[in-house]
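Here the structure comes first, spelled out in structure tokens, and everything after it is commentary.
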Amino acid sequence: MKSVYPLKPDQPFNLDITLSCGQVFRWEKRGDLWTGVSAGRVISIRQSGRKIEYSGCDEEYLEYLFHLDFDLESVIGSFSTDEYIGEAVERYRGLRVMRQDPWECLLSYLCAQNTGIPNIKRMLGNMAVMNGKKIVQGGQEAYAFPGAEDLSRRCDADLKGCSTGYRSGYICRTSSMIADDPGWADRIRSLDYTGARKEIMKYPGVGRKVADCILLFGFQFYESFPVDVWIRRIMNDLYGTGNPAGPLSERDYDRIADFGREHFGNYAGYAQEYLFAGRQ
DNA sequence: GATACTCCTCCCCC
DNA sequence: AGGGGGAGGAGTA
């Protein structure tokens, strides 16, 4: 390990929980060492207590990626205190919402519809190997996440070989739109949550849930409160927000998300991650 | 405006 | 062993 990051004493951080809670899909743990590809670099990182050792990027990027410059303590303190969120915050102390690259995040959650985490990892891994640049770094070999231009050139047939299934059509069309519009992310960033959500739902394959994930993980809109089947169940169990069975209607989705925002406040999306971490 | 069905892959259970 | 059923969101009819 090349470098050591000095964690600030009043700032909780838990690397394991942060990387395994289901927000990112291209990180693997071997022994106590996590390795992932981010911004075209292979990054390795381990934590022992208050010590973070890492290699493959500079301190500035590490801080940026894991949001270590963010006052997590006061965010947690801003949740209205009830026993359920209190327990989740205690159990998953140090979980941080990472700052993902908007494009990688968009494509990741496009793939994430209608499937589980192992399969999402498989799809993204396949796409990287087949379409991404090979990186050789420090004796390790890895593949960068492919750009929108890379994917838009290899539509449909090729993408199906990545086990993306019916999503290949969405990936193809969305890639083309993004490849032709380099300012897309800045435009979304300049809007408020509601406007940004509307805008991002114009991409084929992006509905409410996928949009909310992208806005939370790729654009740091913390009022975004993604509702998937897990969160729906949890919110129903804990707060009685709606009917737990049958297909999730748009009305139910909005009711649960609005409740989340009212109950947890401006950082509802952060609260959502703490609740989601406790799913099973 | 709400409901039902399809899209595809993986995984689990028999 | 191989097949059937369920899980998981978005889009369309």
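Each chain gets a letter, A, B and so on, in the order the sequences are listed, and its residues count up from 1.
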*Ignoring backbone atoms, test whether A:R233 places a side-chain nitrogen or oxygen under 4.0 Å from the OP1 or OP2 oxygen of C:dG8.*
yes

*Given atom CZ of A:F276 and atom C1' of C:dG8, what is their separation to the nearest angstrom?*
11 Å

*Using whole Å, report how far CZ of A:R279 lies from P of C:dG8.*
11 Å

*So do the side chains of A:E59 and A:S3 get within less than 4.5 Å of each other, counting heavy atoms only?*
no

_d(CE, A:M123; C1', B:dT9) in whole Å_ = 7 Å

*Between the base of C:dG9 and the side chain of A:Y166, is there any donor-acceptor pair under 3.5 Å?*
yes

*asked:* Just the rounded figure in Å: distance from C1' of C:dA10 to OH of A:Y253.
replied: 12 Å

*How is A:P204 classified with respect to the nucleic acid when contacts are heavy atoms under 4.0 Å: base, sugar-phosphate, or nothing?*
sugar-phosphate

*Just by distance, with hydrogens left out, do A:T164 and A:Y170 show a side-chain donor and acceptor under 3.5 Å apart?*
no

*Looking at C:dG8, C:dA10, B:dC10, which one has an atom nearest to any side-chain atom of A:S163?*
B:dC10

*To the nearest angstrom, how far is A:Q113 atom CD from B:dC10 atom C1'?*
15 Å

*d(CG, A:L248; P, C:dA10) in whole Å*: 9 Å

_Per A:Y170 side chain, nearest of listed nucleotides C:dG11, B:dC10, C:dG8_ = C:dG11

*Indicate, with a heavy-atom threshold strictly under 4.0 Å, whether A:T115 touches base, sugar-phosphate, or nothing.*
base

*How are the rings of A:H67 and A:Y222 set relative to one another: parallel (under 30°), tilted (30 to 60°) or perpendicular (over 60°)?*
parallel

*Which residue, A:R122 or A:E250, contacts DNA chain B at a nucleotide closer to its 5' end, judged by nearest heavy atom?*
A:E250

*Nearest-angstrom distance from the residue atom CH2 of A:W230 to P of C:dG6*: 17 Å

*Tell me what A:R173 touches on the nucleic acid: a base, only sugar-phosphate, or nothing, going by heavy atoms under 4.0 Å.*
nothing

*If you measure from the Lys or Arg side-chain nitrogens to the Asp or Glu carboxylate oxygens, is any gap between A:R93 and A:E87 under 4.0 Å?*
no

*When the distance from CD1 of A:I231 to P of C:dG9 is rounded to whole Å, what number comes out?*
11 Å

*Describe the nucleic acid contact of A:G205 in one word from base, sugar-phosphate, nothing, applying a heavy-atom distance below 4.0 Å.*
sugar-phosphate

*Determine, step by step, whether A:I214 and A:F219 satisfy the side chain to side chain contact (heavy atoms under 4.5 Å, CB included) criterion, reporting the C-alpha distance in whole Å, the side-chain angles of both residues, the deciding distance to 0.1 Å, and the verdict.*
CA-CA 7 Å; A:I214 299 165; A:F219 290 95; 3.8 Å; yes

*Contact nearer the 5' end of DNA chain B, comparing A:S249 with A:N119*: A:S249

